[in-house]
**Q** 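What follows is a single structure, and I will ask about it in a moment.
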There are 2 protein chains.
Amino acid sequence: MKKLSPRQQSIFDFIAQFIQNHQYPPSVRDIQNGCNISSTSVVDYNLRILQREGYLRREAEVSRGIELLQETSLSQNRNYINVPVLGNIAAGEPLGIPPSETWHSNSIDNVELPPFLIQDKKEVFALRVKGESMIDALVADGDLVLMEPIDNPNNGDMVAAMLKDKEEVTLKHFYIQDGTVTLQPANSRMEAIKVPAENISVQGRVVGVIRSI
Amino acid sequence: MKKLSPRQQSIFDFIAQFIQNHQYPPSVRDIQNGCNISSTSVVDYNLRILQREGYLRREAEVSRGIELLQETSLSQNRNYINVPVLGNIAAGEPLGIPPSETWHSNSIDNVELPPFLIQDKKEVFALRVKGESMIDALVADGDLVLMEPIDNPNNGDMVAAMLKDKEEVTLKHFYIQDGTVTLQPANSRMEAIKVPAENISVQGRVVGVIRSI
DNA sequence: TTTTGTTCCGAACATACGTACTCATTTCCT
DNA sequence: AGGAAATGAGTACGTATGTTCGGAACAAAA
């Protein structure tokens, strides 16, 4: 199959986009506007080429009678990642994260997420935030926090840290120096907490936040 | 959702069948022939009912602008929604959202998102937050804000509002009473702003926030 | 019965949309 | 360079297709 010109690629991509957004294919004039093409005849011309090259099929005389053939851009991209929602996170409650082997068996809840949120991180899980206690971390009630299990966080990482004495979990930026850990809220107007390293345990590293209103 | 008449059921089934066979929805006359209906107006009449009852959505004046809702949510469940990232949002910069017809022109960026973030909202787009100015809304630098175009926000909605005199865009909870708009930060420790309704223009409603660290 | 509401019919209308045709502009090849 | 081929632009035409409208057929009330 021949290489497509930029314009043809643009048209093909636009059609795939359009079908995803609406449930029906675009008209010639939709494509014209969407791809900033000056004339419908140019669209028709390139559509014929796309058809000849096997990228799509067209039903003659039928409005929007376009059928994409190779669904490379659509169905192939289904490598979405299933992330378990292991429970809630709130101040005053220890996390109690079960071992990763049991994650998908006693499946509480799952969310499927696009890869760009996970990247190459392994064993990402999610927690539902309860209450306003994470507000310093710019995390609201009901948010979904994506976390990656980690034992040795790097300086600057946002972590879920539990203060051992208070049994309190917070989301803060983590800095360690000379055995003293500084927990810095994401909202810099708030004050940081300094505690000895042995007084906190890091439960994981925050890799994302999802808020759905 | 009400029970469908035999004719309506027949029409609905035919549409699903048709989309299965071709990749595009049927025209009114396709349905007329496929269901042995004597007039296009009867098809239109029943399509309106199907739309009112929530079985499908129609785009006015658009050929084959039919979108099935029921089966769609099941079979399309694996299908992720492509949301265009239309630009940046920052205090001091008006949004300048282009018309939806031009969204998917080759230019911009896109993110694929799972359906639960979009729900049934239409024309959702995303903006990349630049700077710390949205911190009151629990939105950090680099966050992706999902927005839905809206003209009349409801009280309590989080909206992107532009203060006309200051040319400043903020994300705040919107409350209107007696022509006075109160913009309430999500972080309740911050102070609210009260302005006359005519001094602000609402650019859209925030439906989600995505933070990827 | 009359009334009222729903469904259906047939035709006509307005336009959304595919296609064709002519002429420019660019790209390619020798 | 020069001519051919490919690509693009602009316009016009025909029809595919959504929409409207007056009225008939039918059933359920009143």
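So you know, we letter chains A, B, ... as the sequences are listed, proteins then strands, and number each from 1. Keep in mind it's a predicted model, so treat the numbers as computed, not measured.
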**Q** From CD of B:Glu59 over to P of C:dA16, roughly how many Å is that when rounded to an integer?
**A** 12 Å
**Q** Do other residues, nucleotides or ligands put more than 12 heavy atoms under 6.0 Å from the CD atom of B:Glu198?
**A** yes
**Q** Within this structure, what is the CD1-to-C1' distance between B:Ile49 and C:dT7, rounded to whole angstrom?
**A** 8 Å
**Q** Holding to ring pair (Phe, Tyr, Trp, His ring centres under 6.0 Å), I want the full list of residues that pass it with B:Tyr45, two or more places apart in sequence or in another chain.
**A** none
**Q** What is the 5' to 3' range of DNA chain D, first to last nucleotide, that sits under 4.0 Å from any heavy atom of chain A?
**A** D:dA6 to D:dT17
**Q** Mind grabbing the angle between the end helix axes of the helix from C:dT1-D:dA30 to C:dT30-D:dA1? Five pairs an end, 10° rounding.
**A** 20°
**Q** Specify the closest pair of heavy atoms between B:Pro185 and B:Leu183, including all atoms of both residues, with the distance to one decimal.
**A** CD-O, 3.6 Å
**Q** Between protein and nucleotides 20-29 of chain C, what N or O pairs are separated by less than 3.5 Å?
**A**
{"from": "C:dA20", "atom 1": "OP2", "to": "A:Arg48", "atom 2": "NH2", "distance (Å)": "2.8"}

**Q** Can you find a heavy atom in the side chain of B:Ile210 that is under 4.5 Å from one in the side chain of B:Leu117?
**A** yes
**Q** Starting at CG of B:Leu47 and ending at P of C:dC8, how long is that distance when rounded to a whole Å?
**A** 12 Å
**Q** Tell me, please, which residues at least two apart from A:Asp44 pass side-chain contact (heavy atoms from CB on, under 4.5 Å).
**A** A:Arg48, A:Arg58
**Q** Classify the nucleic acid contact of B:Asp30 as base, sugar-phosphate or nothing, counting any heavy atom under 4.0 Å across all strands shown.
**A** nothing
**Q** Could you list the residues that satisfy side-chain contact (heavy atoms from CB on, under 4.5 Å) with B:Thr182, not counting sequence neighbours?
**A** B:Tyr175, B:Ala192, B:Lys194
**Q** Does C:dC8 have OP1 or OP2 sitting under 4.0 Å from an N or O in the side chain of B:Arg7?
**A** yes
**Q** Return the set of residues passing side-chain contact (heavy atoms from CB on, under 4.5 Å) with A:Pro6 (not counting sequence neighbours), or none when no residue passes.
**A** none
**Q** Report the distance from atom CG of A:Leu56 to atom P of C:dG18, rounded to the nearest whole Å.
**A** 13 Å
**Q** Between C:dA16 and A:Ser27, is there an OP1 or OP2 to side-chain N/O distance shorter than 4.0 Å?
**A** no
**Q** Under the salt bridge (charged side-chain N to carboxylate O under 4.0 Å, His left out) rule, what pairs show up with a residue in residues 204-213 of chain B, not counting sequence neighbours?
**A** B:Asp143-B:Arg211, B:Glu148-B:Arg205, B:Asp157-B:Arg205
**Q** May I have the distance from A:Glu61 (atom CD) to C:dA16 (atom C1'), rounded to whole angstrom?
**A** 14 Å
**Q** Could you pull out all donor-acceptor pairs under 3.5 Å where a side-chain atom in residues 24-32 of chain B meets a protein atom, sequence neighbours excluded?
**A**
{"from": "B:Ser27", "atom 1": "OG", "to": "B:Arg29", "atom 2": "N", "distance (Å)": "3.4"}
{"from": "B:Ser27", "atom 1": "OG", "to": "B:Asp30", "atom 2": "N", "distance (Å)": "3.1"}
{"from": "B:Ser27", "atom 1": "OG", "to": "B:Asp30", "atom 2": "OD2", "distance (Å)": "3.1"}
{"from": "B:Asp30", "atom 1": "OD2", "to": "B:Ser27", "atom 2": "N", "distance (Å)": "3.0"}
{"from": "B:Asp30", "atom 1": "OD2", "to": "B:Arg64", "atom 2": "NH1", "distance (Å)": "3.0"}
{"from": "B:Asp30", "atom 1": "OD2", "to": "B:Arg64", "atom 2": "NH2", "distance (Å)": "3.4"}
{"from": "B:Gln32", "atom 1": "NE2", "to": "B:Ile37", "atom 2": "O", "distance (Å)": "3.4"}
{"from": "B:Gln32", "atom 1": "NE2", "to": "B:Ser38", "atom 2": "O", "distance (Å)": "3.1"}

**Q** With a 4.0 Å limit, can you tell me whether B:Ser38 has a side-chain N or O closer than that to the phosphate oxygens OP1/OP2 of C:dC9?
**A** yes
**Q** Remember a base hit wins even if backbone is also touched, and classify B:Ile31 as base, sugar-phosphate or nothing at under 4.0 Å, heavy atoms.
**A** nothing
**Q** Give the rounded distance in Å between these two atoms: CD1 of A:Ile37 and P of C:dC17.
**A** 16 Å
**Q** Taking only residues two or more places apart in sequence, or in another chain, which ones meet B:Ala137 in a side-chain contact (heavy atoms from CB on, under 4.5 Å)?
**A** B:Val139, B:Met158, B:Leu171
**Q** For A:Gln9, which residues count as a side chain to side chain donor-acceptor pair (under 3.5 Å) partner, sequence neighbours excluded?
**A** A:Asp13
**Q** In whole Å, I'd like the distance from the CD atom of B:Gln32 to the C1' atom of C:dT7.
**A** 16 Å
**Q** Output the rounded distance in Å from CZ (B:Arg29) to P (C:dC17).
**A** 14 Å
**Q** Taking side chain to side chain donor-acceptor pair (under 3.5 Å) as the test, write out the residues that go with A:Ser39, two or more places apart.
**A** A:Ser41
